[in-house]
Protein chains: 2
Amino acid sequence: MLHDPAQIDLMFQALADPARRQMVDRLSRGPASVSQLAEPLAMSLSAVVQHLNLLEASGLVRTQKLGRVRTCQIEPKALRAAEHWINERRLAWERRLDRLGDFLAETGDDTEGN
Amino acid sequence: MLHDPAQIDLMFQALADPARRQMVDRLSRGPASVSQLAEPLAMSLSAVVQHLNLLEASGLVRTQKLGRVRTCQIEPKALRAAEHWINERRLAWERRLDRLGDFLAETGDDTEGN
DNA sequence: AAAACACTGAAGCATTTACTTAACTATTGC
DNA sequence: GCAATAGTTAAGTAAATGCTTCAGTGTTTT
């Protein structure tokens, strides 16, 4: 479910906005209500709710409503999925460089086959 | 330079688009020319160049032109910076959970402050 | 019961984004 | 030199995004 391309797309899209990253940052220090999330942001509560809905749709944030207050938390599994996507590509690149280095060392060749 | 918020913003914005992620994915398997990057994508060369320029501005991709062909490579440092941003937030959250768990175990309390 | 609080949803609007096409500039091969 | 190749740039456009305001809905507090 978390490695599904559509979900990955929603996550990166969610992380693309500075206000949403600021919300994630705030939530990384502990749960918060919608108003608490909104407080440091220079925009209406309504705008914050819209951002929050995207964050929730992406899976990065989970919320639950008790009475009139919606409490938000980070979903670490989702963060890990985004991290993983990047990590895989970086490692693929670095492994390739390593193999290339080994090859050049073994053959004493100094050309690259690209 | 890489942890500068403006650069982080450009990176996440760059990663938000599926076509650009596909290009990064392709480049993780090795360097490629603009046309090679364009080949699997259902859009004009021109559109690909525009995506590529964003990727380069974000620092995720480095390019160099030799003759008439522009060769593109991944910049692993930049990928690492994006990875790092996510990782820091996730770890902050998980450390907080750990501390909370320790506290509850020590006091024998079974309520959680959420 | 009335007022304050914590959101929520819809409509509208300005900007940004992701393209397209078309005209153009260098290289390279014949 | 001429044509093909590889990429670049500009202008235009349709759709998506990030807001705003305003009019709600439930939930506490007094």
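Chain naming here is simple, since letters A, B, ... match the order of the sequence lines and numbering starts at 1 in each. As a basis for the values below, the full set of heavy atoms in this structure was taken, side chains included, without hydrogen atoms, waters or symmetry mates.
If you take CG of Leu41(A) and P of dC7(C), they are 14 Å apart, rounded to a whole angstrom. Taking atom CG on Leu15(B) and atom P on dT17(C), their separation rounds to 15 Å, with Å as the unit. Separating the CG atom of Leu45(B) from the P atom of dT9(D) is a distance of 13 Å, rounded to the nearest angstrom. In this structure, Leu52(A) atom CG and dC7(C) atom C1' are separated by 11 Å, rounded to whole Å. Distance CG (Asn53(B)) to P (dA18(C)): 13 Å, rounded to an integer number of Å. One interatomic measurement links the two molecules: CD of Gln50(A) to C1' of dG18(D), which rounds to 8 Å at whole-angstrom precision. At whole-Å resolution of the value, CD in Gln22(B) and C1' in dA18(C) are 15 Å apart. Regarding Lys65(B), its NZ atom lies at a distance of 12 Å from the P atom of dA6(D), rounded to whole Å.
The base of dT21(C) does not come close enough to the side chain of Ser44(B) for any donor and acceptor atom to sit less than 3.5 Å apart. Contact annotation: side chain of Arg70(A) to base of dC7(C), donor-acceptor pair absent below 3.5 Å.
Look at His51(A) and you'll find a side-chain N or O under 4.0 angstrom from OP1 or OP2 of dC19(D). Listed pair Arg20(A) / dG18(D) meets the phosphate criterion, a side-chain N or O lying under 4.0 Å from OP1 or OP2.
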Does the salt bridge (Lys or Arg N to Asp or Glu O under 4.0 Å) test come out yes or no for Arg26(A) and Glu39(A), once each step is laid out? CA-CA 11 Å; Arg26(A) 165 64 187 80; Glu39(A) 194 253 325; over 6 Å; no

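Shortest non-hydrogen contact noted between His51(B) and Ala19(B) is NE2-CB, 4.1 Å. Considering all non-hydrogen atoms of both residues, Leu10(A) and Ala57(A) come closest at CD1-O, 3.8 Å.
Ionic pairing of Arg80(A) and Glu94(B) is present here: one or more N-O contacts between side-chain nitrogen and carboxylate oxygen are shorter than 4.0 angstrom.
Remark: side-chain polar atoms of Gln13(B) are not paired, donor with acceptor, to backbone N or O of Asp17(A) under 3.5 angstrom.
Taking only side-chain atoms of Ala47(B), from C-beta outward, the nucleotide of dC19(C), dC5(C), dT8(C) with the closest atom is dC19(C).
Annotation: of the two residues near DNA chain D, Ser33(B) and Ala19(A), the 5′-most nearest-nucleotide partner is Ser33(B).
Contact annotation for Gln36(A): no contact, since no heavy-atom pair falls under 4.0 Å across all strands. Residue Ser46(B) is classed as a base contact, given a heavy-atom separation below 4.0 Å to a base.
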